[in-house]
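In what follows, chains are A, B, ... by sequence order, proteins preceding strands, each numbered from 1.
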2 protein chains.
Amino acid sequence: MNAPVSTGSTREQIVAHAQTLIRQRGYNGFSYRDLAEHVGVKTASIHYYFPQKDDLLIEALNDYSSRTMQLINGIDESLPAAARLDRYAQMLAGGPRDQVCMCGMLAADFASVSDRVRAALQAFFRVHETWLTKVLTDGARDGSLKPCVDPQAEARTLFASFQGALLASRLFQTPERIFDVVAGIESRQAATAAR
Amino acid sequence: MNAPVSTGSTREQIVAHAQTLIRQRGYNGFSYRDLAEHVGVKTASIHYYFPQKDDLLIEALNDYSSRTMQLINGIDESLPAAARLDRYAQMLAGGPRDQVCMCGMLAADFASVSDRVRAALQAFFRVHETWLTKVLTDGARDGSLKPCVDPQAEARTLFASFQGALLASRLFQTPERIFDVVAGIESRQAATAAR
DNA sequence: GTCTATAAACGGATAGAC
DNA sequence: GTCTATCCGTTTATAGAC
């Protein structure tokens with residue numbers, strides 16, 4: 001996923017650059033000073049909009065979540081499930097190579113974030129896992145994916161695979177590892193596949 | 001995986017507590033002061049052993065890697081592959097609930113670590129992926145796991161699943177998600193399974 | 001080897017001018 | 001709204017006594 005254009009209001013630019021920095025370096029890996037330099041303002045201006053760093057984190061996370069949700073809701077539900085899964089992987093692989101999912105990053109920063117942020121992260125995970133559950137059950141019906149015993153558990157694992165694959169993709173500097181995930185799923189597709 | 005007992009030499013205690021702190025909070029989430037308090041020395045003593053934080057990171061990572069490798073080498077190769085996979089998952093789930101894999105954590109901290117650390121992380125990933133590749137191919141032979149088209153790619157995905165599942169397990173405060181991963185694999189086992 | 005003391009830069013955060 | 005100036009604790013790191 002790509003960062004929004006940074007040509008909006010100061011507030012919007014702050015949020016956009018905060019998302020980028022968190023996805024690159026994590027919550028403890030950037031400062032108001034870093035962020036201010038990226039936006040082209042002074043740190044006091046950031047404190048004007050977001051008195052505490054946690055306030056900034058909450059807004060950056062909520063914005064990221066809703067933009068991500070728009071993207072997955074934009075995936076045409078009339079497509080075969082396997083094709084929707086491909087789109088999802090393309091979405092993940094399409095982001096900058098030096099950035100991972102903001103929520104995967106913040107899950108790693110679990111010890112450093114507030115309970116409010118933790119709850120928002122859980123919500124993000126659940127939304128994606130629910131969407132993937134539907135893909136898996138639809139795939140069993142339309143024949144594009146092999147039926148599985150427990151679609152919810154499979155979806156949890158699948159989402160974990162994507163998050164892990166994003167970290168590995170950056171570590172090895174290749175988007176291949178994201179597509180390994182879908183290739184694995186699809187290599188198990190029913191013989192009577194309808195693509 | 002559990003941290004080593006912290007009753008060794010000062011140097012050993014520093015390394016052990018550094019591993020714990022990194023697994024809890026990440027590389028940018030702890031300071032020499034935190035570490036010194038845990039060990040019961042002053043920060044200058046830590047600088048005596050590890051002048052730069054990167055020196056400490058390298059040693060903590062190498063120690064973690066070799067201890068982890070001992071653990072996976074300790075999994076009896078005469079066991080059916082599926083049983084070995086169970087052991088692997090138990091090893092991951094057996095660690096403290098507030099800690100994830102040190103290398104998953106540092107993969108998230110990718111932007112903050114030196115090239116030397118990045119290379120060591122890649123090596124860690126490859127070792128585990130290679131071990132899992134062997135489990136998958138053995139599983140196809142002994143019938144305890146379903147054969148797959150590309151065992152190497154499947155192993156990469158499987159390792160990513162475990163890393164992602166560790167993050168999710170901590171986020172949701174339940175080890176269940178680690179066992180989801182093996183349950184998914186084993187639910188695809190061949191009908192003629194030999195366990 | 002471990003300590004005290006200190007340097008110098010950085011961290012989040014605030015007050016008040018414009 | 002954005003700035004300058006500043007507070008004050010923290011951070012990594014070093015010098016030198018014991």
Name all residues meeting the salt bridge (charged side-chain N to carboxylate O under 4.0 Å, His left out) criterion together with [X]; count only those two or more places apart in sequence or in a different chain, and write none if there are none.
| X | result |
| --- | --- |
| B/K42 | none |
| B/R118 | B/D115 |
| B/R11 | B/E59 |

Check each residue of residues 48-61 of chain A for a non-hydrogen atom within less than 4.0 Å of any atom in DNA chain D, then write out the ones that pass by number, or none.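 Only A/Y48, A/Y49 qualify.
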Tell me, which of residues 30-37 of chain B have any heavy atom that sits under 4.0 Å from an atom in DNA chain D?
->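 Under 4.0 Å from DNA chain D: B/F30, B/S31, B/Y32, B/R33.
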Item to check | Outermost nucleotides of DNA chain D that come under 4.0 Å of a non-hydrogen atom of chain A | outcome: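 For DNA chain D, the relevant span reads D/dG1 to D/dT4.
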**OP:** Could you name each residue pair satisfying ring pair (Phe, Tyr, Trp, His ring centres under 6.0 Å) that touches residues 94-113 of chain A, not counting sequence neighbours?
**Re:**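 Output for this query is empty, none listed.
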Residue pairs fulfilling salt bridge (charged side-chain N to carboxylate O under 4.0 Å, His left out) with at least one residue in residues 97-109 of chain A, sequence neighbours excluded:
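Every pair satisfying salt bridge (charged side-chain N to carboxylate O under 4.0 Å, His left out) with a residue in residues 97-109 of chain A: there are none.
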Subject >> B/F162/B/Y88 aromatic ring centres below 6.0 Å >> reply: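 Yes.
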[X]: partners by side-chain contact (heavy atoms from CB on, under 4.5 Å), with sequence neighbours left out:
| X | value |
| --- | --- |
| B/E37 | B/R33 |
| B/T130 | none |
| A/A155 | A/L132, A/T133, A/L136 |

Intra- and inter-strand pairing of DNA chain C, written as dot-bracket with Watson-Crick and G-U pairs under 3.5 Å and | for the latter, reads ||||||||||.|||||||
Determine the minimum heavy-atom distance between B/F125 and B/C103, stating which atoms define it.
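Here B/F125 and B/C103 meet closest at CE1-O, 4.0 Å.
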